[in-house]
Structure formats: structure tokens, C-alpha cells
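In each ligand, atom 1 is the first atom listed, and ligand 1 is the first ligand listed. Side chains are part of it too, since the values below use all heavy atoms of this structure and drop only hydrogens, waters and symmetry mates. This is a predicted model, so every value here is computed, not measured.
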Amino acid sequence: MDANTPLAYLGGLSATEFLRDYWQKKPLLVRNAFPELAYRLSPEDLMELAQEESAESRLILEKGKTPWELRKGPFTPKQFKALPKTHWTLLVQAVDHYLPELSDYLDHFSFIPNWRIDDIMISFAPEGGSVGPHYDQYDVFLIQGIGNRRWQLGQHCDETTPRVQGTPLRIIENIEVGFDEVLGPGDLLYVPPGLSHYGVAQNDCTTYSVGFRAPALAHLLERVVDVALENAGSTQLFADTAREATQHPGELTDKDLEALRQQLMSLLDNREALRAAVAPFLSEAKYEDYEPQGEEFDVEEVREAFTAGALLRRDPASRCLYTVQDDSPALFINGQEVDFPAGITDFVLLLANHRQLAAAELKDWLEHGEALPWLVEQLAVGYWFLDSIE
Ligand code: SIN
Ligand code: CO
């Protein structure tokens, strides 16, 4: 994707313009951005998914046993039947992990790297349903599915913003409304981190949240320090060969603090150590206990599948990234470095940069002596899988 091409689903902005003027800064409303996405999943499909043990689902009842009651899934059909007529919301996280064709929509945002993407959450609410006025720490593209939702946007918030007590939800006491629009099927609303928002279903409605994530710097620091400690061991001591005589032996001077700072920073200031610490961390799957389901093939079977029109898909629940340091690429999936022969580097990077690839896009690699054997290993682990096109 050319970063300067106008994108209809961003209201004609290019990726470059969107990132410069809106991303992490201000909201954006685009009418009819994804008309075909709106009907992708019915409320019934979502309720079925919310019955699965492995799916992360929640119900929020504005007028439950307590105000803004939170219930955690999986749910039973009986529980759904017992819900009131209005004022509740069902939310299911990571629906893209279950529906690869839904995860394809993330390609529209591929101008932002995979490691910044969290998941696609889908909510269903009857009239009056909402999760309350709140703010999120992360960027989100809210895409209206079926029905209509009235969105109000307000002030920027942080941990000091007063919150409603007596509910596990992070609902803010007051939203100073500056934007008030009703969204219909396919409309998109980008909300930057920290901006208060309040979406109330006007009728039976589904909302798709393409959510991003950003690592807490404290968590990154922890990993970087761990690697720096492994590298330094406990033998490396503070050194002060250029010490000058002090008149104030009781003082820990600014000069000494500066020398300590510099020597500590030099332990951390190491790009190789940073990559070793951060790349596996940022490639960890969303769900810690997630194990992909692989399938065993031999090279011939894979070649035949491609000839028959199969699509190669990356497992949507796995997280994949690569680094290129000193011209040397390294691949990380679900927290582990995945080795590959140097001769198939371009093949591996092609796979890591695409959610799905057709045989035509894999070109000569299908005949390459090392590419398919490597792919067969990955199919067995489940990082990629073959999908036949209907
Ligand atoms: C919803 O889908 O109801 C809530 C999405 C959000 O506010 O982040
Ligand atoms: Co939100």
C-alpha cells in the first residue's frame, strides 16, 4: 500500500495524512467506510461465540443487580434468554482469532505494524445498551455493524478523572460532550487514547472495535533490564579512575551521580540487547496460554493444495514480527525466535508481511528446495494454515 494514496475508508485521507493529523491526536468520523463489514456477523453468531469456553466475553447490564453490572462469559442460551429487553451489551474480544476472513479487515490498517494491533472486539446491544461513558488507553477504530449507535465524544481523561464508584467498570462521572452523532451500518469513528466516549445503541446494533495496544514502557524496561543483567553479570562494577579529591566526604555529588548514570545507561544502551529483549516480548500472543493447532502435510500435498487454489493464511491468533539488524532478519512468533535458512529470507518476510497469500503471490518459492519444507514445518506448528477458497 502506497502511504500517499487517498483511502476512501479514511474519508479520502492517505495513511500518511491520517497518521500525521489524527492518529493518537483527534477523532475522525467517516460515513460508510466499510459497508460490507456491517453484516459480517449476526447477533446470533456473536451469542454463539460467547458460549465458547475459549472466547473472552462479557455482559454489561446498566440496570443489573447493581448499576453497571459486569458478568463474565462463557454464557449459556438460558442466560441470554433471561436478559432484560433493553440496556445491556454483550462484548466478545478477539473475534478475528476465530474468523480469519474478519482478520483480513486488519489489512486496511496495515500502515500500522502488527505488533501495535490488539484485536477486533465485537459488541451487540439492544436499544439503550452501552458500556457507559469511559475512556480507553488505546487507539480504536469503531465500525458500526447492523443498527445505529449514538456516539458522544468528550474531554481528554486520565487516571485523575472522577469515576463512578460501585462498579468494576471504569465509567467516568461526567462527559463534556463536544461531538454527538448517530452512526449507521459501515460508518467508522476513530477515537484516540484518553478521549472520553459514550456509545448508546438506538436499536439492535453491533459494533466492531479494531483495537490497538501499546506496551507499557515499564514492562519493556523490565525486559531490557533482564537482558542487560544477563549480559553484565554481577562482575561489572562502578569505575572512577578519574576521581578528584573531595572536600565533602559526606556528599554523594552530582558529578558522581552523573558518572553512575552514564555507566548504568551504557549497560542499557545496546541495540542488540534491546532487540533480544523487546522483539520476543512484542511478539507474544494476546492470550498467554494460546497454542496454535497445526496440521501435518508433506511438501507434495502443500504443492497440490496451492494448485487447487488454496490460500496460505497466517494464524490470526498468533503474533508475528521480524527485525532486521545489520542486514540480518530475525523472525519472532508468539514470543519465540523462529529459525529459517538464509536462502529463503525473502519468502519468510513475504509471509510475515501478509495475512493471506495466494499461490500466484508465492511465485517461484513453491519450487524452491528450502521454502516448502520450511513452510511444512510451520503448518505443523500452526503458525500458518491452508485455507481453501469457496
Ligand atoms: C461498545 O462496542 O459498546 C464499546 C466500544 C468502546 O467504547 O470502546
Ligand atoms: Co471504549
Side-chain angles (χ1 to χ4, degrees), residues 24 26-29 33-34 37-38 40-43 45-47 49-50 55-64 68-73 83 86-96 102 105 109 117-159 161 163-164 167-173 175 177 179-214:
Q24 303 232 300
K26 60 181 185 189
L28 175 70
L29 170 66
F34 292 106
L37 178 61
R40 187 65 198 77
L41 209 80
S42 68
D45 291 337
L46 197 68
M47 287 188 187
L49 191 53
E56 183 187 348
S57 58
R58 289 169 292 163
L59 265 170
I60 291 170
L61 288 88
E62 184 169 345
K63 300 166 185 169
W68 297 111
E69 185 192 341
L70 169 69
R71 294 184 196 162
K72 293 198 172 156
L83 286 169
T86 63
H87 292 82
W88 55 267
T89 300
L90 169 70
L91 304 124
V92 184
Q93 293 295 147
V95 181
D96 52 313
L102 178 67
Y105 276 87
F109 306 99
I117 294 173
D118 186 16
D119 67 347
I120 302 181
M121 176 184 85
I122 304 183
S123 70
F124 167 70
E127 188 189 336
S130 113
V131 302
H134 67 284
Y135 70 96
D136 299 305
Q137 284 179 293
Y138 308 110
D139 308 79
V140 63
F141 290 92
L142 299 160
I143 301 161
Q144 187 56 30
I146 61 162
N148 301 88
R149 189 184 283 276
R150 176 182 180 186
W151 279 105
Q152 294 181 311
L153 303 181
Q155 73 279 30
H156 281 275
C157 300
D158 59 29
E159 8 4 293
T161 306
R163 282 209 237 144
V164 172
T167 163
L169 303 181
R170 300 158 41 96
I171 297 174
I172 57 171
E173 267 178 15
I175 177 162
V177 179
F179 167 107
D180 194 339
E181 296 279 348
V182 175
L183 268 65
D187 291 350
L188 169 146
L189 178 63
Y190 164 73
V191 181
L195 191 74
S196 52
H197 51 285
Y198 182 26
V200 183
Q202 306 294 287
N203 39 47
D204 280 4
C205 92
T206 53
T207 301
Y208 298 58
S209 295
V210 177
F212 288 76
R213 59 171 202 152

Handout entry: Side chain S196, main chain Q155, donor-acceptor under 3.5 Å
Key =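 Yes: the side chain of S196 pairs with the backbone of Q155.
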Exercise for the section: Could you please spell out the steps behind the side-chain contact (heavy atoms from CB on, under 4.5 Å) verdict for V140 and L189? Expected result: CA-CA 8 Å; V140 63; L189 178 63; over 6 Å; no
Exercise for the section: For the Co ion (ligand 2), find the closest N/O/S atom on D136 and give its atom name. Expected result: OD2
Handout entry: Atoms of ligand 1, numbered as shown, that sit under 4.0 Å from any heavy atom of T207
Key = 2 (O)
Fill in the blank from the handout: The atoms of ligand 1 lying under 4.0 Å from a heavy atom of R149, numbered in the order shown, are 3 (O)
Exercise for the section: Answer yes if the side chains of T86 and E127 hold a donor-acceptor pair under 3.5 Å, and no otherwise. Expected result: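 No - no donor-acceptor pair under 3.5 Å links their side chains.
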Handout entry: Side-chain donor-acceptor pair present, Q93, D119, cut-off under 3.5 Å
Key = yes
Exercise for the section: State, yes or no, whether a side-chain contact exists between Y135 and R170 at a heavy-atom distance under 4.5 Å. Expected result: yes
Exercise for the section: Would you indicate whether the side-chain heavy atoms of L41 and T206 approach each other to under 4.5 Å? Expected result: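 No, too far: nothing below the 4.5 Å cut-off.
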Problem - the Co ion (ligand 2): angle it makes with NE2 (H134) and NE2 (H197), nearest 10 degrees - result: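 NE2 of H134, the Co ion (ligand 2) and NE2 of H197 span an angle of about 90°.
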Handout entry: Closest protein heavy atom (residue, atom, distance) for atom 2 (O) of ligand 1
Key =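 For this ligand atom, the closest protein heavy atom is S123 OG, 2.7 Å.
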Completion exercise
When distances are taken from atom 4 (C) of ligand 1, the protein heavy atom at minimum range is V131 CG2, 3.9 Å
Considering both backbone and side-chain atoms of [X], is one of its nitrogen or oxygen atoms within less than 3.5 Å of a nitrogen or oxygen in ligand 1?
X: H134; result: yes
X: T89; result: no
X: S209; result: no

Problem - Parallel, tilted or perpendicular, as decided by the 30° and 60° cut-offs, for the rings of W151 and H197 - result: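 Ring orientation of H197 relative to W151: tilted.
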Handout entry: Proximity of D136 to ligand 1 by residue part, where a heavy atom lies under 4.0 Å
Key = side chain
Handout entry: Member of Y138, F179, F141, F212 meeting the ring-ring contact (aromatic ring centres under 6.0 Å, His included) criterion with Y190
Key =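 Among Y138, F179, F141, F212, the one that satisfies the ring-ring contact (aromatic ring centres under 6.0 Å, His included) with Y190 is F141.
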Exercise for the section: Answer yes or no for F124: is there a heavy-atom contact with ligand 1 below 4.0 Å? Expected result: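 The answer is no, since F124 has no heavy atom less than 4.0 Å from ligand 1.
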